[in-house]
Number of protein chains: 2
Amino acid sequence: MATSVDTPGRDADRTRAAILFAAQQIFAEKGFVEAGVRDITALAGVNQSLVSRYFGGKLKLFEAALADLLDARLMTDLSRKDFGRRIVAIFTDPRRDRAQPLSVLLGATADSEARAIALRLLRDRVLAPLSGWLGGAEADARAARFMIVSTGFFTYRDLLPLAEFSGPVEPRLRQWLEDAFQAIVDD
Amino acid sequence: MATSVDTPGRDADRTRAAILFAAQQIFAEKGFVEAGVRDITALAGVNQSLVSRYFGGKLKLFEAALADLLDARLMTDLSRKDFGRRIVAIFTDPRRDRAQPLSVLLGATADSEARAIALRLLRDRVLAPLSGWLGGAEADARAARFMIVSTGFFTYRDLLPLAEFSGPVEPRLRQWLEDAFQAIVDD
DNA sequence: CAGTGATGTAAACGCATGTTTACATCACGA
DNA sequence: TCGTGATGTAAACATGCGTTTACATCACTG
């Protein structure tokens, strides 16, 4: 079993996709440095050497994994009316099946090369669209506020799990988060 | 030169202090993972093996370095009146000669062992005093808000330097930071 | 059906890095 | 002054890990 259902012979595209998906999970869970190529390929069920063959190395795989996650663009159909509530709902959705892009991104800060990649993707595919969506003269400062609050939240949920961040978000904290995000669009 | 002034023969205490100070600088600059023992001892001007002899290894050195930084307690003589302004002033003081504790702390998130140490020190020596100082029923939620904003700020200043965070903080962003910190004590 | 390139694997390689060991050298007391 | 322990150093060691290499196996085409 599991030989003709999820393994239709040999398929490079499918193998590549499996590695990419596994990489997103492992990178989100352990961060770039502690995520080993062997961890990723083991989860994907393939040989470790395929990372180099199909992606050109761990670093390129990271770039592909993060870029793919950011392509599921969050900024679409996001109304200004309940911006805060929607953002917090997305960030805390327990049914989410894909890795949180910001988790993967923040997990790259420890490696100088991965950090450079993450920084470029953050600028081009998050901050630029966000700043444009926010508009106005203070767009950049607003986008910075968005990143500060988001990053702080993800850091303590994923990287430094304190009591306040385990399980559902404490109601008063959630309310503050929603207000902080909403204030970014309301001024 | 530099042989009788800063090198008074052999002094274990002085050597130990030199390693500790160098560690704080290097850890703040490069993070725990990319900070090599050889980098630290080179800056201290001593042999690499002394890290293991005097501190018991890189991990213990990290713990000692972070604990020492946190001992320069920030929470003392901090009035509730201009809390926000004072905090931002401390975080952005260009004349500061010691490493920012939060920089060192956030640089440890990539290593699971260093992260555990950082998390414990953060709880015992930052959050507990802060929560006590804030007081009240919502003290923990307030402390969490403080950490979110602080962490977001340091992440983008040290780890993911965007244009908005290089050089002096943009005035409107600084104002928002001050207000956000002040609101934590004012409710 | 044969052959050839694509796909996948196991093992070895190379390198970086924290740690340990063996040895040298200085300081201080008898 | 002599010797002994503390202090410091250079080199070797051990190991984890990304990558490469050599080989096996499947799939498709003529």
Side-chain angles (χ1 to χ4, degrees), chain A residues 2-23 26-27 29-65 107-108 110-115 117, chain B residues 2-23 26-27 29-65 107-108 110-115 117:
Chain A
T3 315
S4 60
V5 175
D6 54 21
T7 312
R10 290 177 164 190
D11 188 332
D13 288 343
R14 192 172 297 238
T15 300
R16 204 187 136 96
I19 294 174
L20 193 72
F21 181 78
I26 301 290
F27 280 140
E29 185 185 332
K30 310 173 91 168
F32 179 82
V33 176
E34 288 197 331
V37 169
R38 289 164 175 82
D39 298 333
I40 295 168
T41 52
L43 179 60
V46 299
N47 187 270
Q48 62 200 45
S49 67
L50 297 187
V51 164
S52 286
R53 175 173 314 187
Y54 285 144
F55 292 91
K58 183 185 180 183
L59 208 56
K60 298 270 191 63
L61 172 60
F62 173 78
E63 180 168 17
D111 183 276
S112 57
E113 294 181 299
R115 180 172 57 230
I117 290 172
Chain B
T3 314
S4 59
V5 176
D6 53 21
T7 312
R10 292 177 164 192
D11 187 331
D13 288 343
R14 192 172 296 239
T15 300
R16 204 186 136 95
I19 294 174
L20 194 71
F21 181 78
I26 301 290
F27 281 141
E29 184 185 334
K30 310 173 89 168
F32 178 81
V33 176
E34 287 198 331
V37 169
R38 287 164 176 83
D39 298 333
I40 295 168
T41 52
L43 180 60
V46 300
N47 187 271
Q48 62 198 47
S49 67
L50 297 186
V51 164
S52 285
R53 176 175 310 184
Y54 284 144
F55 292 91
K58 183 185 180 183
L59 208 57
K60 298 270 190 63
L61 172 59
F62 173 78
E63 180 168 18
D111 183 277
S112 57
E113 295 181 299
R115 179 172 56 231
I117 290 172

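Note that this is a predicted model, so its numbers are computed, not measured. Just so we're on the same page: letters track the sequence lines, and every chain starts at 1. Heavy atoms only: backbone and side chains are in, while hydrogens, waters and symmetry mates are out.
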Q. Which pair of non-hydrogen atoms, one from B:Ile19 and one from B:Ile40, has the smallest distance, and what is that distance?
A. O-CG2, 3.8 Å
Could you list the residues that satisfy side chain to side chain contact (heavy atoms under 4.5 Å, CB included) with [X], not counting sequence neighbours?
{"X": "A:Ala18", "value": "A:Ala44"}
{"X": "A:Phe21", "value": "A:Gln24, A:Gln25"}
{"X": "A:Leu59", "value": "A:Phe32, A:Asp111, A:Glu113, A:Ala114, A:Ile117"}

Starting from [atom2] on [N], measure out to [atom1] on [X] and report it in whole angstrom.
{"X": "A:Leu50", "N": "C:dT9", "atom1": "CG", "atom2": "P", "result": "6 Å"}
{"X": "A:Arg10", "N": "C:dT4", "atom1": "CZ", "atom2": "C1'", "result": "14 Å"}
{"X": "A:Lys30", "N": "D:dG18", "atom1": "NZ", "atom2": "C1'", "result": "15 Å"}
{"X": "B:Asp39", "N": "C:dT17", "atom1": "CG", "atom2": "P", "result": "8 Å"}
{"X": "B:Asp111", "N": "C:dT17", "atom1": "CG", "atom2": "P", "result": "14 Å"}
{"X": "B:Asp11", "N": "C:dC26", "atom1": "CG", "atom2": "P", "result": "16 Å"}
{"X": "B:Asp13", "N": "C:dA27", "atom1": "CG", "atom2": "P", "result": "16 Å"}
{"X": "B:Ile19", "N": "D:dT7", "atom1": "CD1", "atom2": "C1'", "result": "11 Å"}

Check whether any side-chain heavy atom of [X] lies under 4.5 Å from a side-chain heavy atom of [Y], and answer yes or no.
{"X": "A:Leu20", "Y": "A:Leu61", "value": "yes"}
{"X": "B:Glu63", "Y": "B:Phe55", "value": "no"}
{"X": "A:Leu50", "Y": "A:Thr41", "value": "no"}

Q: Scan A:Val46 against the nucleic acid and name what it touches under 4.0 Å (heavy atoms): base, sugar-phosphate only, or nothing.
A: sugar-phosphate
Q: Compute the bend angle of the helix from C:dC1-D:dG30 to C:dA30-D:dT1 from the end axes (five pairs per end), rounded to 10°.
A: 20°
Q. Tell me, which pairs form a side chain to side chain donor-acceptor pair (under 3.5 Å) where one or both residues lie in residues 42-61 of chain A, sequence neighbours left out?
A. A:Asn47-A:Ser49
For nucleotides 11-15 of chain D, which of its nitrogen or oxygen atoms have a protein nitrogen or oxygen under 3.5 Å away, and what is each distance?
unit_1, atom_1, unit_2, atom_2, d
D:dA11, N6, B:Gln48, NE2, 3.4

Taking only nitrogen or oxygen atoms into account, show me every contact under 3.5 Å that the protein makes with nucleotides 28-30 of chain D, one pair per line with its distance.
none

Q. Out of curiosity, B:Glu29 CD to B:Ile26 CD1, how far, rounded to the nearest 0.5 Å?
A. 5.5 Å
Q. Which pairs count as salt bridge (Lys or Arg N to Asp or Glu O under 4.0 Å) when at least one residue sits in residues 30-44 of chain A, sequence neighbours excluded?
A. A:Lys30-A:Asp39
Q | Earlier contact from the 5' end, DNA chain C, for B:Val33 and A:Thr15 | A | A:Thr15
Q. Contacts to DNA chain C from residues 52-61 of chain B, heavy-atom cutoff under 4.0 Å, which residues?
A. B:Ser52, B:Gly57, B:Lys58
